[in-house]
Amino acid sequence: MAKNRQPNGASSIYLGKDGRWHGRITVGVKDDGTPDRRHISRKTRAEATKAVRELERQRDSTGVRKAGQTWTVTTWLTHWVENIAAPNVGENTIDGYRVAVYHHLIPGLGAHRLEKLEPEHLERFYQKMRANGSAAGTAHQAHRTVNTALNEAVRRRHLTTNPASIAKAPKLEEEEVEPYSLEEVQRLLAEATKVRNTARWVIALALGLRQGEVLGLKWEDVDFEVGVMLVRRGRLRPRYKHGCGDKCGRKPGYCPQKINTRRETKDTKTRAGKRPIGVPEELLKLLRRHKEKQQRERALARDLWVEKGYVFTSPTGEPLNPNTDFHRWKDLLKAAKVRDGRLHDARHTAATVLLILGVPDAVVDRIMGWEPGKSARMRRRYQHLTGPVLQQTAAKVGGLLWGPPPQVVQPAAGGSVQGSNQSPVQGDLLVYVARLGERRVPFVHCEHADAVVSQWSADQPGRLAEVEEWDRQEWEQGGVGGMRAVRDRMPDRRIVHHAHAAFLPGGERLNIGRDEQWSVSAWEFETDLYTDLPVRWNTTRRPGQEVEAQVRGTDQAAVTVALADACAEAVDRARNPGKYGDTDDW
């Protein structure tokens, strides 16, 4: 009778000549193409069967650890950080990985076999780090590093599961940053005028650029004519090696013949990081003066000057060292008698100022260099609810809940209620209407209407300009815009910059025979178009299905930047109307 035979590749269990039960399981294919058969040995058949079934279960679910080198935590982390991570991440990232690996993970966990590492080993290691005085952020960095390294081990089948993804990460409580107040910023700026590279600190506090972005600026990135600064690279922290053959007995950074082994700058990490920023006129003046001072320094340095085109340099033209720049910031805080803080707190301050000014989120994201998709989280982290913000909000709530009650128009006999009066104009007052040619602009106060008429007459000599007095009922029934159009303040004389574009349903740009951008004096705007914000924008779908992008504001550079965002949303809205709640009912 023929003997029963297992099919090729199936597991087998048999009693060996040594009296033990053996199992053979095919778990895959080796690198050379031959079957990867694993062997187990147990005292009893039941134990062997259980071990075979467990290995089959691993093979069919998470996969079986790859055969070959037996890794320890030390050998794997060393291999990962030097041969896998180093060629594929940035300089600053690899610096953080090496500190976590060589200073914390290998001394604390290095003796473990990689496949024997358990989540509990990691959790006890984190607790020991905290007990030895490491900050929560340091322990969390070690966790992130080992998690990344072990994920790579799983991808390469040196592990079946990642214990770091199971272990509880160290609790990290992010401290709320207190941005500098307006008074503190003014004291810092006043003190900055007394030191070298004054404009460097103004850029940090006014525009919120990161340290590397400021120190990486070159003169070719500053357009004085347009008033725009282009951020496209960041300064890297130098890394030195001995130039004396390690004979001086000092650290590499203090070697008299030290050699920098790292490039000076790198491009911004993301596309959002590469961005144009509008520069205030006062800052442009400071930069012009700074350029003149730099030219005098170049003349004094003579042959020692190294021309590399950086905006902020050492007295010999070299780019500023970030460590030196950090110490200058600390000196500035002490001199201005301002509380101690990180250099990065200046960025939090600038972001909070943008919140106070009411700058739209899209423009804030462009100025700060935040990526779409992450910008909301970054705004929560950087924009802080300071006293002025909270006071403004409280005033609005108070005005709504405890302000003067609306005056309700009582219905006549047999009639209906027309509505409530939410206008600043009371029923027994006149409306002062500035008649400007064919336009009528109503005001609560007569002096405001007189001022507008005077301005119009000076700008438009020979054209009709006068003040008319209308009673409330007359204006409400016959005035343009009714009571909603009545202004309770005098518009200023600033210029409001406009930008406009329209798109067909497929996203194609529509040529409507109108300038894309133009500017008008602020006081000439109708109420619904007037703004005193640096920039504001919106998109609307018009009858006929065209989508319109409109941008306006007092900052021309911000309007130009915002137009690109408005057009991008308009194109998306034209192509995907349902996404924005647009319907065909027009």
Side-chain angles (χ1 to χ4, degrees), residues 90-92 95 188-189 191-222 229-241 243 251-269 273-274 277 279 283-284 286-336 338 340-347 349-350 369:
E91 289 91 336
N92 292 335
D95 282 351
L188 285 168
L189 294 180
E191 196 62 35
T193 61
K194 306 174 186 178
V195 301
R196 189 172 175 273
N197 291 327
T198 299
R200 184 264 175 275
W201 309 115
V202 179
I203 289 175
L205 292 163
L207 302 182
L209 268 64
R210 302 173 179 90
Q211 182 191 39
E213 293 172 342
V214 178
L215 301 188
L217 281 174
K218 293 190 175 183
W219 287 114
E220 64 192 40
D221 304 323
V222 183
M229 178 185 296
L230 179 61
V231 178
R232 51 185 173 184
R233 73 182 70 80
R235 174 80 165 101
L236 290 172
R237 190 177 297 275
R239 179 173 291 280
Y240 299 105
K241 70 175 183 179
K251 292 182 179 180
Y254 297 94
C255 174
Q257 301 174 7
K258 64 184 178 184
I259 300 172
N260 186 11
T261 61
R262 179 176 286 180
R263 54 183 172 157
E264 291 176 349
T265 63
K266 67 170 183 177
D267 292 339
T268 56
K269 187 165 59 174
K274 185 176 181 179
I277 297 178
V279 184
L283 180 52
L284 286 174
L286 270 178
L287 286 170
R288 289 190 183 97
R289 289 199 292 270
H290 175 73
K291 195 171 187 179
E292 293 171 359
K293 292 179 181 177
Q294 191 178 91
Q295 289 171 350
R296 291 195 291 271
E297 287 184 344
R298 183 184 293 107
L300 288 171
R302 298 185 181 179
D303 295 342
L304 296 177
W305 184 269
V306 180
E307 185 55 64
K308 295 185 177 180
Y310 288 100
V311 174
F312 302 108
T313 69
S314 71
T316 58
E318 294 285 352
L320 287 179
N321 188 313
N323 189 49
T324 303
D325 181 69
F326 168 77
H327 288 296
R328 296 292 81 79
W329 165 255
K330 292 295 186 180
D331 293 341
L332 186 67
L333 292 175
K334 292 177 182 177
V338 171
D340 190 29
R342 305 173 307 164
L343 178 52
H344 202 68
D345 290 352
R347 182 167 167 81
T349 300

Worked verdict on Phe312 versus Ile203 for side-chain contact (heavy atoms from CB on, under 4.5 Å): CA-CA 11 Å; Phe312 302 108; Ile203 289 175; 3.9 Å; yes

Leu215 versus Pro322: any side-chain heavy-atom pair under 4.5 Å? yes

Distance from Leu320 atom CG to Arg196 atom CZ, nearest 0.5 Å? 6.5 Å

Please assess Asp221 against Arg232 for the test salt bridge (Lys or Arg N to Asp or Glu O under 4.0 Å), listing each intermediate value before the final yes or no. CA-CA 8 Å; Asp221 304 323; Arg232 51 185 173 184; 2.7 Å; yes

Between Arg262 and Leu236, is there a donor-acceptor pair closer than 3.5 Å when you use the side chain of the first and the backbone of the second? no

Please check if any side-chain donor atom of Tyr310 sits under 3.5 Å from a side-chain acceptor atom of Glu318, or the reverse. no

Before giving the answer on salt bridge (Lys or Arg N to Asp or Glu O under 4.0 Å), spell out for Asp331 and Arg328 the whole-Å C-alpha distance, their side-chain angles and the decisive distance to 0.1 Å. CA-CA 5 Å; Asp331 293 341; Arg328 296 292 81 79; 3.0 Å; yes

Given Lys308 and Val306, is the side-chain contact (heavy atoms from CB on, under 4.5 Å) satisfied, shown in steps? CA-CA 6 Å; Lys308 295 185 177 180; Val306 180; 3.6 Å; yes

Is the shortest side-chain N to carboxylate O distance from Lys330 to Asp325 below 4.0 Å? no

Could you tell me whether the side chain of Lys258 reaches within less than 4.5 Å of the side chain of Pro238, counting heavy atoms only? no

Is there a donor-acceptor pair under 3.5 Å between the side chain of Thr261 and the backbone N or O of Arg239? yes

For the pair Glu213 (side chain) and Arg210 (backbone), establish whether a donor and an acceptor sit closer than 3.5 Å, ignoring hydrogens and angles. yes

With rounding to the nearest 0.5 angstrom, report the OG1 to CD distance, Thr193 to Glu191. 7.0 Å

Answer yes or no: is there a donor N or O on one side and an acceptor on the other, between the side chain of Asn260 and the main chain of Tyr240, under 3.5 Å? no

Is the shortest heavy-atom distance from the side chain of Leu209 to the side chain of Ile277 under 4.5 Å? yes

For Gly212, is there any backbone N or O sitting under 3.5 Å from a side-chain donor or acceptor partner on Arg237? no

NZ (Lys241) with more than 12 external heavy atoms under 6.0 Å: no

Evaluate the side-chain proximity of Leu188 to Leu332: yes if any heavy-atom separation is below 4.5 Å, no if none is. yes

Ignoring hydrogens and angles, tell me if any N or O in the side chain of His290 forms a donor-acceptor pair with the backbone of Val311 under 3.5 Å. yes

Quick one: does Arg235's side chain have a donor or acceptor within less than 3.5 Å of a partner on Gln211's backbone? no

Between Glu307 (side chain only) and Gly309 (backbone N and O only), is there a donor and an acceptor less than 3.5 Å apart? yes

Spacing of CG belonging to Leu287 relative to CZ belonging to Arg200, to within rounding of 0.5 Å: 12.5 Å

Between atom CD of Glu297 and atom OG1 of Thr316, what is the distance when rounded to the nearest 0.5 Å? 9.5 Å

Could you tell me whether Glu292 and Arg289 make a salt bridge, using a distance below 4.0 angstrom between a side-chain N and a carboxylate O? no

Can you tell me how far the CE atom of Met229 sits from the CG atom of Leu283, to the nearest 0.5 Å? 5.5 Å

Take Arg263 and Glu91, measure what salt bridge (Lys or Arg N to Asp or Glu O under 4.0 Å) needs, and give me the verdict at the end. CA-CA 10 Å; Arg263 54 183 172 157; Glu91 289 91 336; 2.7 Å; yes

Could Arg233 and Glu220 be called an ion pair, given the rule that one side-chain N must be under 4.0 Å from one carboxylate O? yes

Of all the heavy-atom pairs spanning Ala199 and Leu286, show the shortest one and how long it is. CB-CB, 4.4 Å

Keeping the roles fixed (side chain from Trp201, backbone from Val195), state whether a donor-acceptor pair exists under 3.5 Å. no

So Gln294 and Trp219, side chain to side chain donor-acceptor pair (under 3.5 Å) or not? Walk me through it. CA-CA 11 Å; Gln294 191 178 91; Trp219 287 114; 2.9 Å; yes

Thr198 (side chain) donor-acceptor with Ala192 (main chain) under 3.5 angstrom: yes

